[in-house]
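Residue numbering restarts at 1 for every chain, and letters A, B, ... go by the order of the sequence lines.
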Amino acid sequence: MAKRASASRSHWLFKSEPETYGWQHLVRDRRTFWGGVRNFQARNLLRDSIKKGDGVLFYHSSAEPTAIVGVAEVVADGYPDPTQFDRASPYFDKDSPRDAPRWYCVDIVPVTALAVPLDRDRLRGEPALADMMLLKRGARLSVQPVTAAEWRTILRLGRVDA
DNA sequence: GCCAACGTTGGC
DNA sequence: GCCAACGTTGGC
């Protein structure tokens, strides 16, 4: 069993369109696999870097408003995304070999909603978040790293006791 | 609905 | 291995 390089957990931000799968769906399901991600950079994070115990900011994209709305936690390390082998799934990938899966997912559970959801204006107004990947032009990565400082700032602004 | 930014594909 | 064309993302 490999020990993590650091004792402290890592932090991430996951984007989702609330009409497809929003915070309310995660609360309803109480646990879900974060699958259907079809981008190699995000895949690498899901497969190699995102670990059980890590913290996740849940972000609603293409929404009104677009906002960070909740905190989740990773409860299973990366494993092959089952939807890539499911012919009935919109995420089916005929080119992904069974013995060398191309796409990965992790499992997450909801921890708490932000008492104050943080929309983009609110995030942009916070100097401590000036370098957040989410706020960078053209940052489309749907699974992205969040620094410990950004994490603390967002939980404070969102009135999350942690 | 628009369109800028980006990732992927495929011709060469 | 380059790069134009294409498809997608996602804020506005």
Could you walk me through whether F58(A) and W34(A) pass the ring pair (Phe, Tyr, Trp, His ring centres under 6.0 Å) check?
CA-CA 11 Å; F58(A) 198 104; W34(A) 205 251; 5.6 Å; yes

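- Listed by chain and residue number, nothing satisfies the salt bridge (Lys or Arg N to Asp or Glu O under 4.0 Å) test with D119(A) (two or more places apart in sequence, or in another chain).
- L46(A) and V75(A) sit in two unconnected hydrophobic clusters of ILVMFWY residues. Membership requires side-chain heavy atoms under 4.5 Å apart, directly or through other members.
- Linking Ile, Leu, Val, Met, Phe, Trp and Tyr residues whenever their side-chain heavy atoms come within less than 4.5 Å places V116(A) and M132(A) in a single cluster.
- One side chain, R38(A) or T83(A), offers a donor N or O that lies under 3.5 Å from an acceptor on the other.
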When every nucleotide of nucleotides 7-12 of chain C is labelled 5' to 3' by its protein contacts under 4.0 Å (heavy atoms), B for base, S for sugar-phosphate only, - for none, what sequence of letters results?
BBBBSS

